[in-house]
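Notes to accompany the following structure.
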Amino acid sequence: MTTVPAQPARPDPQEAEQLLAQSPPDSPPGDGRRGLSRRGFLGYVVAGTTLAVAAELTTGARPAAAAVPSGPQVAEVFDLGDLQTRSALPTSQLITITLDGNGVAHFAIPRMEVGQGITTAAAMLIAEELDLPLDKVEVTLAPARPELVFNQLTGGSNTMESMYTPIRVAAAVARGRLLAAAATLLGAQVSSLTARSGVITDTAGGSATYGQLAALAASAQTVPVRVNLKSTSSFRVVGTPQNRVDARDAVTGRKKFTMDLAVPDALPTMVCRPPTLNGSARSVQNLPAVQAMPGVTDVVVVDTGVAVRAATFGQCIDAVRALEVTWNPGTVAGESDESVLRRLKAAELPMAVPKVPLLARTVDLRFEFMFRSSAALEPNCAIADVRAGRATVWAGLKSPIVAQRNIADALGLPQTSVKVNVVTGGGSFGHKLFGDAAIEAAKISKAMGKPVKLMWHRADEPRQGRTHPMATSRIRATLLGSDVLTFEQRHTSIQTDFSHGLGERLTAMAAELPAGLGNLGFAQSIFTLTQELPYDFGVVTQLLNEVDMGFNTGSMRNIYSPDVACANELFVDQLAKKLGKDPVAFRLEFLKNERVKACLRKVVEVGRWGRAMPAGTAQGIAVHSEYKGATAVLVEIDCRPETVNRTVRDAVTGPRVTKAVIAIDAGLVVNPRGLEAQMMGGVSDGIALALTSSNHLQDGHFLEASWDNYFYTRQWNIPPTFECIVMPSDRDLPGGAGEAGVAASVAATACAYARATGTVPTRFPVNHGTVSFTPKTFVPPVPASPTDGLSHTY
Amino acid sequence: MAQHTFTVNGEIVTVDVADDVRLLWVLRDVLGYTGPKYGCGINVCKACTSHINGKAFNPCSVRVGDLEATDEVTTIEGLAATAPGDLHPMQEAWLERDVAQCGYCQPGQIMAAVALVHKVRAEGREITDADLDAIRNVCRCGTYNRIREAIRDGAARM
Ligand code: FES
Ligand code: FES
C-alpha cells in the first residue's frame with residue numbers, strides 16, 4: 001500500500017492498519033478467505049471529508065463448491081440462501097457507512113424494510129461493531145443501485161445471512177479509523193484507548209466523541225484496511241432483545257409509506273380494472289363525462305385498464321365507478337377452480353416407486369392448495385414522475401434493479417435515466433418482489449404527462465394482484481415392517497413467476513451450482529434448492545411440475561414450503577398411525593437433523609404434548625427445516641360445534657387454534673425480539689393458510705374483493721395462548737427468519753384439525769368449499785365507499 | 001365545491017372540497033394528515049380508525065359534508081396531546097411491547113384500542129377476551145397477540 005494521507009495531522013492508514021493488526025488476536029487462525037483469520041477481513045476507508053467506510057457486499061460468503069459434499073439432499077447443504085449470498089461474488093460491490101459530525105452513523109441498506117426488522121438488525125450490527133448507542137445509527141433504504149447486479153433483492157429470508165459480515169467489516173474499519181484519529185488527537189497509544197458508546201477515552205482522562213473525530217478520521221483516498229471482527233462472546237448488542245428502530249414513528253403516525261410521501265403535483269391516481277383477470281379496455285363510452293367529474297384531472301387508457309387522476313383518492317374511486325368501458329376478455333377467461341385443478345391433475349408427474357419387496361405396504365395421499373392472495377395491508381402503490389428523457393419513481397420494491405430495468409423498457413428510456421427510490425413497505429409477503437405498481441405508475445405518468453401517485457383499490461388486490469399459485473401435492477411411501485423404504489412426492493403447481501431477478505441469478509451461476517442443478521428447469525431448481533425432507537425415509541424423490549395458464553403469481557412467504565410441509569407432515573402423521581406410533585415418537589425416530597429434533601423436543605415439553613384433551617379438540621405437531629434453520633410448532637385446536645359455529649358479523653370463525661407454541665433455531669440471532677415477532681406472524685399466516693384464507697376462481701375472475709371476503713387471520717381466529725422459544729444455536733451466522741415460521745405452523749394446524757375431527761383434510765384451506773360472502777360487483781370493479789360511518793362510532 | 005370547517009387535532013381547519021368526499025381523503029390528500037391509513041375504503045380493515053368527539057370512527061366512510069363545525073377529529077398524530085406526557089399511555093404500552101411490525105395497521109389499532117378502553121370504562125367493567133376477539137382491525141403482519149397484551153397494559157396505564 002503506497003497511499004499517503006493528504007494532511008499530516010491525519011494518521012497514516014497503513015499505520016492504523018498496523019496498529020489494528022497489533023491488537024491482540026481475538027480469534028484463532030482459521031481458514032477464512034484471502035488467508036486472513038476467521039474474523040479477519042478486508043474493508044475500505046472511502047475518500048471523503050467525513051469518515052466513510054465500506055466493505056464488499058459479498059464479504060464472508062461461502063464459495064459454492066466447498067459447501068457441497070455429495071449425498072444429502074441439495075437444500076441441506078446448499079440452499080436458496082447460499083445461492084443468493086454467493087451469486088454476486090465476482091463483482092465489486094460496496095456498502096458504505098458514513099459518520100457525521102454529530103457522531104451518527106448512516107447506512108443505506110440495499111434491501112427493503114417491509115416490517116421484517118432488517119433496519120433494526122442492521123443498526124444493531126453497526127452499533128455493536130462500532131461501539132455506538134443504537135439510537136446513533138440511522139439505517140435508510142438505498143435506491144436502485146444497478147452496479148449491485150444480482151445483489152439487491154430482498155427475498156428468501158436472506159438479508160441477515162448476506163449482510164451480517166459486510167456490515168460488521170465496514171463498522172470495524174470505522175472503529176479502527178476513529179481509534180487512530182483519537183490517538184493522534186489525544187497524543188495517546190491506540191492500545192491505551194477505549195471506545196464506548198460513541199466516545200473514545202484514554203487512560204489519562206482525555207476523551208473525544210465520534211462526532212469530533214469524524215472529519216479527522218476521514219481519508220483523502222480510498223484505501224483497503226484489514227480488520228478483525230469482535231468475537232461473538234463479546235457481543236453487547238447483538239443477541240439482546242431490541243425494539244424496532246422505527247417503533248416510535250409507527251405509533252405516532254409519523255412512519256411514512258409510499259402513499260404518505262408528498263411529491264409535488266403527484267395527484268391521487270387509480271385504475272378502473274377489467275371484470276376478468278388480466279382483461280383489457282377495448283373502448284370507453286363516457287370519457288368526456290368522467291373527465292368532467294369533480295376533482296378529475298386526467299383519464300387515459302393504459303394496458304391494465306383506464307387510469308384516472310384526481311385531487312383526492314375519493315374522487316378517483318367515484319370516477320372509476322362511473323367509467324363505462326367495453327372490455328376484452330382476460331388471460332383465464334372461463335376458467336374456474338375446478339378447471340384449473342383438472343389441468344394440474346393432468347400435469348402430475350407419474351410416481352416411479354423403485355423396486356420394493358412384495359410385502360411392502362403403500363400409503364398414498366393427494367392434497368390440493370387453492371389460490372391465495374399475497375397482498376399486504378398497504379395495497380400496491382407507487383409514485384411516478386416521468387418527464388422528457390427521465391423518470392423518478394418511489395415505491396416499495398424488493399427487487400429495485402429489475403423494476404428499474406422494466407420501467408426503463410416500458411418508457412423507452414435508458415436504465416440510467418430512471419431513478420428508483422425504495423420506500424419502506426407496509427408488509428410484503430412476497431408481493432413487493434415485483435414492480436407491478438411502479439411500472440404501471442410510470443406508464444400512466446408518461447401517458448398523462450404528469451406526476452401520479454398510484455394506489456390500487458383493496459378490491460383490485462385479490463382480483464388482479466399476484467397470488468400464490470394453486471398447487472397439488474401427491475405423496476406415496478412404502479413401508480416394510482417398521483421401516484419407511486421410499487418416499488415420493490410430486491408437487492404440481494400453476495407456474496410461479498420468478499421474473500423478479502432470481503431467475504437471472506440462477507442462470508448466471510448455472511455452472512457453479514451443485515452437481516446437476518444447473519441442468520434442471522428453473523422452477524425445479526428453486527424447488528430443489530428450497531425443499532429438504534428432514535426425515536430418513538429411504539429412497540426420496542421430490543419433483544415439481546408446473547402449468548402456465550396466465551395467472552399473476554409470485555411466492556408468498558414463501559415459495560413452496562408451506563404447501564409442501566403441510567402435505568408432508570399430514571402424511572407423516574398417517575405413516576405414524578399405520579405403524580401404530582405416536583406422531584412425536586415416530587418423528588424423533590426418523591428425523592435426521594439434531595436441530596430439528598431439539599426444536600421438536602422443546603415444543604413437546606413447553607406445549608405439554610399428549611396431555612388429555614376433550615373430544616373435538618386436539619393437539620397437532622409439525623416440523624420444518626429450511627434456510628439452515630429448524631422450526632417445530634405445536635398447536636391445540638378446538639373443533640367443537642360451539643366453537644366452530646360462533647358467529648361474528650361478515651366473518652369466518654370455524655375451528656379455533658387455542659394455543660400455539662413455536663420453537664425456532666435460526667442460527668445466530670441478531671435480535672431475538674424481532675425473531676419472535678416474525679414467528680408470531682408466521683403462526684398467524686399458517687392458521688389462515690390451513691383454515692380460512694383463499695381466493696375462489698369462478699368464470700375467469702376471483703370473487704374476493706375485501707378483507708371480509710379474503711379471510712386472513714383476525715382477532716377472533718388467533719390463539720389466545722402463544723409462545724415462542726428461540727433455541728440456542730452454535731452457528732456463527734444468522735439464518736433466515738422472515739419465512740421460517742409459516743411452514744410448520746400451517747402443517748401443525750392441519751395435523752391438529754385431522755386429529756380433532758378424525759378426518760384428514762385434503763383441500764386447503766379447509767373452508768374453501770363454502771363461499772362465505774356475497775361477491776361484490778365486477779362492473780364497476782370497486783365498491784362505493786359507505787356514508788354511514790358516523791352511525792358506527794364507539 | 002363547498003367550505004367545511006371542523007377541528008383536527010385541536011386546530012380549526014377549513015377545506016374547500018365537494019360534500020361527498022370521504023373524510024379520510026380530506027385528511028390525507030387535502031390536509032396532509034397521513035397517520036390514518038387506507039386499507040379498504042369500505043369500513044372493513046379499520047386501518048383509518050380515528051376519533052370523532054372522543055369516539056372511534058372510520059373516516060373512509062364519512063362524507064366531509066356530514067361533519068359539523070363543532071366536531072373534533074383526532075387522528076393518531078393528535079392522540080398524544082389528549083393525555084399528559086410525551087405519548088399517550090396506549091402508545092407507551094405499544095412501545096413497551098414493540099407491537100408494530102410493518103406498522104401500517106398500527107395507527108388504526110391504537111386508536112381503536114383507546115376507544116375500546118373508554119367504552120368498557122363507561123360500561124363500568126374491565127376488558128375481556130371477548131372484547132379483544134371482537135376487534136375488527138386487520139393486521140396482515142399478524143401482530144394480534146402483542147396487540148392484545150398492549151391493550152391490557154395500556155388500559156392499566158390510562
Ligand atoms: S380504510 Fe377505512 S376501514 Fe379500511
Ligand atoms: S403491523 Fe403490518 S399490518 Fe399490522
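Since the structure is predicted, the reported quantities are computational estimates derived from the model, not experimental observations. A note on names: the letters A, B, ... follow the listed sequences, proteins ahead of strands, and every chain is numbered from 1. The analysis underlying the following values was restricted to heavy atoms, covering all of them including side chains, and did not include hydrogens, waters or symmetry mates.
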Sorted by number, residues from residues 146-158 of chain B in contact with chain A (heavy atoms, under 4.5 Å):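 When heavy atoms of chain A are the reference, residues 146-158 of chain B contributes B/Arg146, B/Ile147, B/Arg148 within the under-4.5 Å range.
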
Separation between CD1 of B/Ile12 and CZ of B/Phe6, rounded to the nearest 0.5 Å: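 Rounded to the nearest 0.5 Å, the CD1-CZ separation comes to 11.5 Å.
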
Counting only N and O atoms by type, is there a donor-acceptor contact under 3.5 Å from the side chain of [X] to the main-chain atoms of [Y]?
X	Y	result
B/Asp29	B/Val26	no
A/Asp249	A/Asp246	no
A/Ser693	A/Ala688	yes
A/Arg309	A/Thr297	no
A/Thr269	A/Leu267	yes

Stacked cation flag B/Arg140 on A/Tyr712, 6.0 angstrom / 45 deg: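 Because its charged atom sits under 6.0 Å from the ring centre and within 45° of the axis, B/Arg140 does stack over A/Tyr712.
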
Please classify the contact of [X] with chain B as side chain, backbone, both or neither, using a heavy-atom distance under 4.5 Å.
X	result
A/Ala262	neither
A/Glu461	neither
A/Arg244	both

[X], part contacting chain A, at a heavy-atom distance under 4.5 Å:
X	result
B/Val30	side chain
B/Ala56	both
B/Leu87	side chain
B/Cys141	both
B/Asp129	neither
B/Ala130	neither
B/Arg97	neither
B/Val21	side chain
B/Asn53	neither
B/Ile110	side chain

Heavy-atom pairs under 4.5 Å with chain A are the metric here; pick the option from [options] that has the most.
options	value
B/Tyr38, B/Trp94, B/Tyr33	B/Tyr38
B/Asp20, B/Ile76, B/Asn145, B/Ile135	B/Asn145
B/Ser61, B/Gly142, B/Ala122	B/Ser61

Salt bridge (charged side-chain N to carboxylate O under 4.0 Å, His left out) between B/Asp98 and A/Arg673, intermediate numbers included: CA-CA 8 Å; B/Asp98 207 30; A/Arg673 185 163 296 156; 5.2 Å; no

Stepwise salt bridge (charged side-chain N to carboxylate O under 4.0 Å, His left out) check, A/Arg714 with B/Asp133: CA-CA 8 Å; A/Arg714 303 279 281 270; B/Asp133 273 5; over 6 Å; no

Flag for B/Glu68-B/Thr70: side-chain donor and acceptor within less than 3.5 Å: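 On atom types as modelled, these side chains do not qualify, holding no pair under 3.5 Å.
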
